[in-house]
Every structure is written in structure tokens, then in C-alpha cells.
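Input: a single structure, listed below in C-alpha cells.
For clarity, every value in this text was computed on a predicted model and none was experimentally measured.
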Amino acid sequence: MTGHRQFEKSRRERGVALLIAIFALLLISVVGIALIVSSGTDSALASNYRTSASAYYASLAGIEEARGRLLATSPNPIALPATPMGLTNVVYIINPLNGETVAPENTSNPATYPDKEYKLEFGVDVSTRTITKITSVSPVAGMPGPLFKWVRINALTEQSLGNGPTGNGTTGVDVNGDGSVDQITPLFYDPANMNASRNAMVPGLIETLTPPATALQALEITSYAVLPDGSQKIMQSVVRPLVEFPNLSAQGFTAALTLAGSAGNNASFNGPGPGNPSFFIHGDDAAGCNPPSAMVPAIGYTNGPGGDANITPGATPAANYQGAPLNPGPPPAPSTAPASIADVGNTSGVQMNWNWLTPSGLDAVVQDITNGADAVINGPATPGSFPSGMSAGHPMTIVVNGDLDLNGWHNTGYGLLLVTGTLKYDPDASWQGVVLVIGQGNFVSTKSGSGEIDGAVFVAKTRDAAGNPLSSLGQSSFSQTGGSSSGHGIYYNSCFVRSAIGPITYKVISFREIPLPN
């Protein structure tokens, strides 16, 4: 009897194990499904990130191509329609893939990648503008490059900056703080405005139809990328030419030779003297330069009244140091004229770039030039370290961190040469462009020769002998005591100055992603 009851109980409990097994299987299935869904979500997020990043970098590549091709030294330079660029001009770099049509000006056809963003910025359709289209150079040997469709280059206004509403409800940026957003006046970048207008919403940018000599036009570069899967990005940069030179007008420099200094640190100048009358420093522009520059002083200094105390005694005979007259009116004959030596700092009313009046400002200039250089060489160096390919048609920017010894070099260099240590110059060597000696501020020559520097020279002492930055400009030094076999020296040449200063690059001053227009 007892055995029968136990058998019945065992038979009734026989289904419990099955139920437990089913519930366990369901639990495992739910966990598995959750893992699969989570994995799919992660994969989707990763895929979205990859496509978004790919579109971002494709768009960025378009901006970088435009920045590079705006330089005259580029293998495929873009010539802007005018300088400064007018608001009615628009340049496109187009990058069609597999024979497709890229026509950003055709805003009614969505298949041609229309530029609808332009109207949001300027209030008019881009088709109403004067358009120049240039093909991208990113495809190489038939292989496609970055998948941007077009890049737009144009002048910009307060309204086109379009970073949000201002006080009067208009979209844009009130650059000069006058309470309104201008729609028709182009913007320029003025380094002097960085110092004088600290309260401006965008330091350095000014709106004007008549820019000062220290200002250069800022440009807007907009890039539109579309990937095969349909991912899209529009990126936009505001760029400005990086030309951090004393006077940013057409002539570029305020003297053939500029010796920088501060009050109490008069520059040192040693010329060959009357015994070697074939050495010249002339500030009249070279014949044939177009547009021609106004005459500049032979020697300029920046440390205010009395700053020529150590310059004038070495500039003999005076007839060899001719340039802009010290007083208004026609220049006297060289035989009777005093040496053309002038204060070219702000105290004389000349608009010298404020960055060039302090050690910290000049250090920033050196860094900017270094960042955009064709070659950076650690000194002590010789011309054997210069890069190949430098020529009159391809001037280069060469930076030597330390001393440079040109002795024994009987060739010609072209472009911009920056030396942060001592420059030992061989008068048999020639340079066409700009020579900067910023750092130790020593230009030394003790030999004779028949070469010359055509362009401009600037010397400034910003560091002590140990390389530590100075609080104010020290005593810069120029010494040319060697003889001469023919008329060597420094001859101002605005053509070579312009070719050297370039600009070196177009520097990004703002960068943003733009929401895709409808």
C-alpha cells in the first residue's frame, strides 16, 4: 500500500523537471536575443560613426585642398578672380566621381549636389553670382580621392558667418559691435585690430571697403561631402592669409634693411666704410616691378627717437645708403643727400605690424613661419642642408633653428630665409626675397664678393645668448666689413618681397560643421 502511494506521487512530479527545463531554455533564449540585439545596435552605432567620420574627413580634405591651392607656390594654384575678392565672385572646386555631374550652382536639381547653403548665408541664390569652376586634383592615376563633391571659396560678411542670432534678431556675427549685422561689406583680418579692438566679438576681423595696409582679406571655405551610402557633411572654415610682416601693403616692408630694437637698445650697424665704396643699401624699388612700390628708407629702426645713434656713423659714404628722403619733397641728389635712415616703428606713423615690436610677438611670427615652412633645419647649418628644387619660379620658405654659415656658397636662394641664430653671410652669395634674422639677431659678414640681396632684410634680437626670451627687444646687429669686387649689398625689391611672403599659408581662424539645408 505504501509502495503504491509512493509510485503515484513520483508519477505526478514527473512533469516538474520538464517545466524547469522549458523555463531555463526560455531564459537562455531571452538572454541570447538581448545579446544579439545589443551586438547589432553596437554594430549599427559603429557603422554610423564610421560613415559620419568618413564624411567628416572627406569634407575636411576638400577644405585642405582649397587652402593648399590658394598658395602661389602650389603645383596647381587657384587664381582668385580679384584681390580683394568681391562678394559677387564665387570659386568652386568640383570633384565628380565616375563621370557624374557636379553643378552646385544648379540649385533646382538635387542630382547635381546643389549648394543651398549659400542662400542661407547671403540671402541670394548662388546662381546669381559670377562663378568660376575648377576641377579637383585629388584623384591620382585614375584612383578616386576624398569623396567631397565641391568646395566653395568666397568673401564673407558679418551675415554669412551665421553663428546665431544677434541682438536685432538677424543671424550672423556683429564683428565690430555696432549693433547691426552687415550683409554687403567684406571682412578683413587685421593683426593690429587684435590689439586695438579686444572687445570685438571676433578679434582680428574688421568690416571695411577700404582696408588699412595691415589688413588682408579673410575668406570662407565651405566643403560638401557625400559618401556612396548617402552620408553627407558640410564643413566650413574661415581662413586668413598668414603674412605676418611689418607692413602688409603691396610693398611688404618699410625699409631695405630693418634693425629692430626697443628704447635704450639701439641697433648696431657696421658698414664697410669709405675704403670699400662698392657696398650699397638702396630703398628705391627695382625697375620693372608691377605694381611698383613707393621708395622706402635704406635702413630703418624701430626703437624710437635717437635709435639711429649707432647706425649713422657706420653708414658711410652717405651716397651709398639712399632711399626715401627724411623730409617731404623731392629727394636731393645722392652726392649731397644724407644717408636714408629712418624710424619705421609706430612712433613715426608707419603702420608696422604690432607683432613685430615685441619679443613675444616676434616669437609667434617665427612659430607661424616655421609651421608653414618648406624646410626646417637645425643649426649650426650650411647651405648643404637646403632643400632641392628652389628657383625663381619656385621660391621656398626655409627656417634654420640656430646658426647658418653661408661662407663658400656662391649660389642664389629664392624666397624666405629665417635664421634664429647668427647668419654668417658670404657676399658672393645672393638671395632674392626676404631674409629674417630673428632670435639672436646677428647678421655678420667679413668677406668680399659680388653677390647681393634683392628684396628686404629684417634683424631682431628676441633671445639672450642662452636662448631665453627677452622681456623687450635687445640690440640687433648688422655687420658687413668685407671688401667688394663689384656693387653688392641690399637692394629693395618689392617683386621679390611679394613672391617670398606669399602668403606662406592660409591659417584657419574658425571651423564649424553646418547642418544640412533642406
Side-chain angles (χ1 to χ4, degrees), residues 73 242 244-245 257-261 265 267-270 355-356 358-391 394-447 449 451-453 455-470 473-482 490 500-502 504-505:
T73 55
L242 181 58
E244 295 281 4
F245 290 94
L257 168 64
T258 303
L259 300 174
N265 285 318
S268 172
F269 177 84
N270 255 332
N355 276 346
W356 291 66
T358 64
S360 60
L362 282 168
D363 281 347
V365 170
V366 168
Q367 187 59 55
D368 281 342
I369 293 174
T370 301
N371 290 340
D374 293 289
V376 179
I377 305 166
N378 291 324
T382 66
S385 301
F386 286 176
S388 61
M390 181 168 51
S391 66
H394 188 221
M396 291 187 174
T397 298
I398 300 175
V399 176
V400 177
N401 285 324
D403 298 338
L404 173 63
D405 191 345
L406 292 178
N407 286 323
W409 192 58
H410 309 300
N411 298 307
T412 301
Y414 305 89
L416 172 63
L417 174 63
L418 167 61
V419 179
T420 64
T422 294
L423 172 59
K424 294 181 180 179
Y425 174 66
D426 187 333
D428 261 343
S430 294
W431 194 274
Q432 295 181 358
V434 174
V435 177
L436 307 175
V437 186
I438 301 175
Q440 293 301 315
N442 292 321
F443 185 113
V444 180
S445 178
T446 59
K447 295 185 176 182
E452 63 189 46
I453 297 174
V457 177
F458 181 93
V459 185
K461 184 175 179 62
T462 62
R463 306 241 165 189
D464 63 20
N468 300 311
L470 300 172
L473 292 178
Q475 184 183 52
S476 56
S477 174
F478 180 95
S479 179
Q480 167 56 57
T481 57
I490 301 172
I501 66 179
I504 298 170
T505 187

For this session: Test I453 against Y425 for side-chain contact (heavy atoms from CB on, under 4.5 Å), laying out the working first.
Result: CA-CA 10 Å; I453 297 174; Y425 174 66; 3.8 Å; yes
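Residue L418 forms a side-chain contact (heavy atoms from CB on, under 4.5 Å) with just one option from L423, N401, V366, and that option is V366.
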For residues 371-385, which side-chain donor-acceptor pairs fall under 3.5 Å, sequence neighbours excluded?
unit_1: N371; atom_1: OD1; unit_2: Q367; atom_2: NE2; d: 2.9
unit_1: N371; atom_1: ND2; unit_2: Q367; atom_2: O; d: 3.3
unit_1: D374; atom_1: OD2; unit_2: T397; atom_2: N; d: 2.8
unit_1: T382; atom_1: OG1; unit_2: G384; atom_2: N; d: 3.4

Donor-acceptor contacts, no H, no angles, side chain residues 429-439, under 3.5 Å, sequence neighbours left out:
unit_1: S430; atom_1: OG; unit_2: E452; atom_2: N; d: 3.2
unit_1: W431; atom_1: NE1; unit_2: G415; atom_2: O; d: 2.9

Give the table of side-chain donor-acceptor pairs shorter than 3.5 Å for residues 459-466, with sequence neighbours excluded, one pair per line with atom names and distance.
unit_1: K461; atom_1: NZ; unit_2: R463; atom_2: O; d: 3.0
unit_1: R463; atom_1: NH1; unit_2: G467; atom_2: O; d: 2.9
unit_1: R463; atom_1: NH2; unit_2: D363; atom_2: OD2; d: 3.1
unit_1: D464; atom_1: OD1; unit_2: A466; atom_2: N; d: 3.0
unit_1: D464; atom_1: OD1; unit_2: G467; atom_2: N; d: 3.0
unit_1: D464; atom_1: OD1; unit_2: N468; atom_2: N; d: 2.8
unit_1: D464; atom_1: OD2; unit_2: N468; atom_2: ND2; d: 3.4

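Rounding to the nearest 0.5 Å places CD1 of I490 at 4.0 Å from CZ of F478. With rounding to the nearest 0.5 Å, the separation of OG in S388 from CE in M396 is 6.5 Å. Of the inter-residue distances, the one linking D428 atom CG with L406 atom CG reads 11.5 Å to the nearest 0.5 angstrom.
Scored by the side chain to side chain donor-acceptor pair (under 3.5 Å) test, S479 finds no partners at all (sequence neighbours excluded). By the side chain to side chain donor-acceptor pair (under 3.5 Å) test, D405 is found to be paired with N407, residues two or more places apart in sequence or in another chain being considered. Not a single side chain to side chain donor-acceptor pair (under 3.5 Å) links S476 to another residue, sequence neighbours left out. With sequence neighbours excluded, no residue forms a side chain to side chain donor-acceptor pair (under 3.5 Å) with D426.
Inter-residue side-chain proximity for N265 and L473 is flagged as unmet; no heavy-atom pair is nearer than 4.5 Å. Residues F386 and L404 meet the side-chain proximity criterion, which asks for heavy atoms closer than 4.5 Å.
Judged as a side-chain hydrogen bond (donor to acceptor under 3.5 Å, both in side chains), the pairs with a partner in residues 411-423 (not counting sequence neighbours) are, in order, T422-N442.
P427 and Q480 get closest at one heavy-atom pair: CG-OE1, 3.7 Å.
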